[in-house]
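A quick write-up on the structure given underneath.
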Amino acid sequence: MLLQLNNIFKWVNSGGQRVFLLKDINLTVEEGEFISVMGPSGSGKSTLLNVIGMLDNFDEGKYCFMDEPVHTLKEKHRANLYKQYIGFVFQSYHLLDDLTVQENLEMPLLYKKVRNSERKSLVADTLDRFNLVGKKDLFPTQLSGGQQQLVGVARALISSPKLILADEPTGNLNSKQGEEIMELFKQLNEDGVTIIQVTHSEKNATFGSRIINLLDGRKL
Amino acid sequence: MFKNHVKIAWRSLKRQPFFTFLNTIGLAIGMAGGLLISLYIYDEVNFDTMFKDAERIYRIDADIKFGGTESKSAEVSAPMAAAMERDFSQVELTTRFRDLGSMLLRKSNAEANVKEQGSTFVDATFFEMFGLDLLEGDVRTALKEPNTLVLTRTAALKHFGLKDALGQKLLLNNTDTYTVTGVIEDMSKRSFLRNHNVFMSMAGSEEAKNQEWTSHNFFTFIKLNPESDIADFQEPLQSMLGTYIMPYVQTFLPGATEEQLVASGNYLNFSTTPLKDIHLYSDRDYELSQNSSIQNVYILSFIGLFLIILASVNFMNLSTAQSLKRAKEVGIRKTLGSDKSALIRQFLTESGLISFISLLFALGLAALATPYFNALSGKSISIPFTDPFFWTALLFGAAVLAFLSGMYPAFFMSRFVPVKVLKGAGSTSTGGGNIRSFLVVFQFAISVFLIVSTLVVFMQLKFIQSKDLGFTKDQVLIVEDVYTLGEKTTAFKEEVAKLGQVENATLSSFLPTPSSRSNTSFFKEGGATAENSINMQIWNIDHNYIPTLNMEIIEGRNFDSQFATDSTAMLINESAAAILGVQPEEALGMRIIRNFENGTSNYFTIIGVVKNFNYESLRENIGALSMTLGRSTGALAVKLEAGDFMNAITSIEGIWSKVAPGQPFSYRFMEDSFNTTYKAEQQLGSIFMTFTLLSILIACLGLFGLAAFNAQKRTKEIGIRKVLGASVGQITYRLTTDFLKMVGIAIAVALPIGWYLMNRWLEDFTYRMEISWWVLATAALIALTIAILTVSYQSIKAAIVNPVKSLRTE
Ligand SMILES: Nc1ncnc2c1ncn2[C@@H]1O[C@H](COP(=O)(O)OP(=O)(O)OP(=O)(O)O)[C@@H](O)[C@H]1O
Ligand SMILES: [Mg+2]
């Protein structure tokens, strides 16, 4: 078991009333799964993903990640946990515009304080693996959307996370680019990486092994 | 990691050239200003520290009130020095200066005199007292003999050569011959002797040997024994009044006692001023060189601090304003595993980099501005590029500045929560608006305050210059050193008076602008008692004096050549009438007695009362003054008719060189001479103005940047509003009013403070202007106008953008 959510609630107070963003979510994810989260706009998919990624807090319930009780951990400890094990991929790529492709890839390693030589070789390997060697000195704005997302995925993967969280990774891409990314995900999954993706596309969802449907913050 | 920080910082600065430019220029201006002011202050507070044992050297001062006149003297009587050295074990050494001002020198073989500024008699202990050595000559014997003198390097080079100077003879003021026995290095620009070039042996001076305990003409310095404490010296010093001075007073006021003296409200209080404090803390009637004041140092420190703070605030404002742009970056970094401290380090690296670049610009700016600043402040400051201490202090200062101004934005931005800031392209406000507003208010408050101060300083100067002085200084030419003409002075005056463009001319050493002064004790009729004694200026003038300077006689008449008795007649001013205890009209016919050393006395009859005229700085009250007919040939004051002054001057010089071939002809206008009295204020005014302009410039850079970012942030909103039908005017108004509100608050805060503090400053002046409401209104208007101009440019620019364009890029 990689992670487990038990009776997770998340709410905001609006006009004296509780508005639930997540309601009684129970979810167990095993290592090696490829899960697609679906649901209409505003149903809480991104919120759920952020909770799993420990970027966002929840108000009630228990969350265990690799047997660590996340809900009791200090901010700092939690950050260490996701730094170690989780990689994020975003719909709008979120590359650092000031950095070249190569430097963007290097960033997570710097934050993990990986030694210089090891860093260099990891970056070189990854560039190779994702066919980005020719683009390594370009800045994000000089790449197409698909290429940017490729860098985004590569960056998420470089520190060999156990879990990849992807929020509509193909949302900004055309169908061909989208398909390439999904193929990539599938292959990573086969190599043993656990993936949770949010998607609006039925077709993309079929790449996964399991589909979770959300409606108004509730799991269906 | 650090290399990485620098690299990223450099790129992010490069990507936002506008922001980087504003920030760098603002900081650079602030730093350059701060740097110059720091150098100025460093210079000011290090006066006279170069002298050996400076901390043990003190000047003896005297506060005197006698005969209705008060004075704060930096000089004491001639016999004081010897008595102190003899009586008090605390006193190791004494040195006296008898300042002579300018002097005419002539080499024995030369035809013409050369005017030398700053000559003084000095005791032979001079060198030992101040730890000075000679370039040429023997320091142990140099000033021991009468009629010997020591020249500074500059003076020696002017007349001879360095090597040739020793043993040369010089004729002084056409009368005495002196031998050069030494050449000394020029006095430091940072010393109380900076204007002195000729040091003459005191040994030949009769005045220095006399026992007149009530004539205060000698600047007297003591060197305190290393074991003694100056606080313990006060009592022995004051005891000299009883030991020496009262017995002397009794020789001409029989029966006078110290108790009587005190009871009648008179006093003679001695005090000491540490050598190193003279420049900043001493403001006595007559000083060896013009001093500055600690108040100016404070004022300038504040201005310097303001500048730096303004620049730093700019930095904070611009950095946080563009945080919206940086928010996404912070979010991404955090999801990639960056913790807060790494982000803080990143942002601090950025501010460090900006600060370092600014420092380079600031050094360039400061170097360029140095000559201008020197002209402004009357200093000769240079940037000590080769001084390691300077660089250490500079880099340290820049680092502290970078840290202080980078800290707030760094903490502010590193706090962003990734889920919030990464949410799509949302226009979530990143906050900080309140603090930003506060900082803008703060900046403008400082600027408004400086505007008020500048206005007041300049208006006070104007007020002084246009004040009715009681005499007319315009179109009055002063020919100096007329005494060198000897017998021919009167002939010279008459020749000049005949010139077509000359209305009138008068011979006198005593002028209402800085010139000779002479204070003497007189007695009212009825006996030489303490109660009857009065102290007044006594000026020797001629018949033409009053009309030449256009003074007004309010009672009685001017001297008249038809009355032979006028040789014992006297004019007094209103203040003198007041200390005589009579109304001006009652003063006419009163007799005043002057006792001389040799026992004879003179009677003067008051024939007229002159309307008070300002003969000291307008900081002082007008003291009692009397004028008698007498030969006094220091200067010829010439009233010219309007027209070509150069022409008149050429004619006068022509007469001069005919009457006195070979004597240097020097002149000045009374107006200029008057203005030099207010040099300190004028300098303060110019410094205020310059730094006010700089601070306004910095504040405007900040406001300009903020307005730009604000407009940028609201591009989408503006687009939508325009699509919905808003006009350019409406949008400009919306964008501008927010800022103007802040400036309004700043004005409301700064005006009362400025009003209060400037009133305090004005209290130093006996004659001062009122700060009327419209001065404050003008300051407010200036600030508002500048703010409107700065902001509306950005607002209009944003308002006229085609909405289709701004919405499409969203
Ligand atoms: N900070 C917040 N305060 C109040 N409501 C919020 C906040 N964050 C999210 N919500 C609300 O929570 C709900 C779920 O948002 P979420 O972003 O998870 O939706 P989503 O399923 O990802 O939608 P989409 O498919 O459009 O991305 C929405 O109704 C949103 O309005
Ligand atoms: Mg979403």
Side-chain angles (χ1 to χ4, degrees), chain A residues 10 21 41 46-58 75-100 103-114 116 119 139-141 152 155-156 158-159 161 165 167-168 171-172, chain B residues 1-20 319 322-347 349-350 353-354 411 413-428 809-810:
Chain A
K10 180 173 176 61
L21 309 185
S41 192
S46 298
T47 311
L48 177 61
L49 214 63
N50 286 337
V51 165
I52 294 174
M54 299 172 219
L55 296 178
D56 211 349
N57 292 324
F58 48 94
E75 166 89 41
K76 181 125 189 158
H77 199 146
R78 226 179 317 172
N80 276 334
L81 204 59
Y82 77 70
K83 187 151 68 170
Q84 192 81 27
Y85 297 112
I86 302 177
F88 295 90
V89 177
F90 304 92
Q91 175 178 354
S92 41
Y93 331 127
H94 286 338
L95 300 178
L96 289 167
D97 291 337
D98 289 337
L99 303 188
T100 61
E103 287 160 352
N104 260 294
L105 293 181
E106 198 180 4
M107 212 69 227
L109 300 176
L110 277 168
Y111 287 128
K112 279 175 80 174
K113 302 204 167 34
V114 176
N116 190 26
R119 222 160 58 215
F139 287 93
T141 45
R155 187 180 62 180
I158 196 161
S159 52
L165 296 174
D167 195 345
E168 298 184 46
N172 282 5
Chain B
M1 204 70 183
F2 178 69
K3 220 177 95 196
N4 195 276
H5 281 331
V6 173
K7 182 174 70 186
I8 294 168
W10 176 244
R11 285 202 199 138
S12 96
L13 296 182
K14 242 175 40 185
R15 254 168 44 84
Q16 307 170 74
F18 176 66
F19 160 79
T20 308
S319 305
Q322 55 132 29
S323 60
L324 198 66
K325 278 188 163 174
R326 306 298 298 271
K328 188 185 129 191
E329 181 192 335
V330 170
I332 298 172
R333 284 177 183 280
K334 281 197 168 173
T335 61
L336 292 179
S338 169
D339 52 17
K340 245 166 92 170
S341 60
L343 282 165
I344 290 176
R345 281 198 300 276
Q346 169 74 56
F347 285 121
T349 309
E350 238 166 78
L353 198 63
I354 290 198
F411 275 114
M413 292 197 274
S414 64
R415 274 209 325 258
F416 292 151
V417 184
V419 270
K420 292 221 179 94
V421 293
L422 288 181
K423 211 148 112 194
S427 61
T428 14
T809 52
E810 248 310 302

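A note on names: the letters A, B, ... follow the listed sequences, proteins ahead of strands, and every chain is numbered from 1. Just so you know, these numbers come straight off a predicted model, no measurement behind them.
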* To do: Could you look at A:I86 and say if it's the side chain, the backbone, both or neither that has a heavy atom under 4.5 Å from chain B?
  => neither
* Asked: How many angstroms lie between atom CG of B:L336 and atom CD1 of A:I158, to the nearest 0.5 angstrom?
  -> 11.0 Å
* Structure fact -> Heaviest contributor of heavy-atom pairs below 4.5 Å to chain B, chosen from A:L96, A:N50, A:L109, is A:L96
* By a 4.5 Å heavy-atom criterion (distance strictly below it), what part of A:E103 contacts chain B: side chain, backbone, both, or neither? -> side chain
* To do: Find the distance between OH (A:Y111) and CG (B:L343) and round it off to the nearest 0.5 Å.
  => 5.5 Å
* To do: Evaluate whether atom CZ of B:F411 has more than 12 neighbouring non-hydrogen atoms of other residues, nucleotides or ligands under 6.0 angstrom away.
  => no
* **Heavy-atom closest contact (A:Y82 atom, B:K334 atom, distance)** => OH-O, 2.9 Å
* Proximal component of B:K7, with respect to chain A [non-hydrogen, under 4.5 Å] -> side chain
* Side chain, backbone, both or neither: which part of A:F139 has a non-hydrogen atom closer than 4.5 Å to chain B? -> side chain
* To do: Can you measure from CD1 (B:I8) to CE (A:M107) and round to the nearest 0.5 angstrom?
  => 4.5 Å
* Structure fact -> Heavy-atom closest pair (B:R11 atom, A:L99 atom, distance to 0.1 Å) is NH1-CA, 3.7 Å
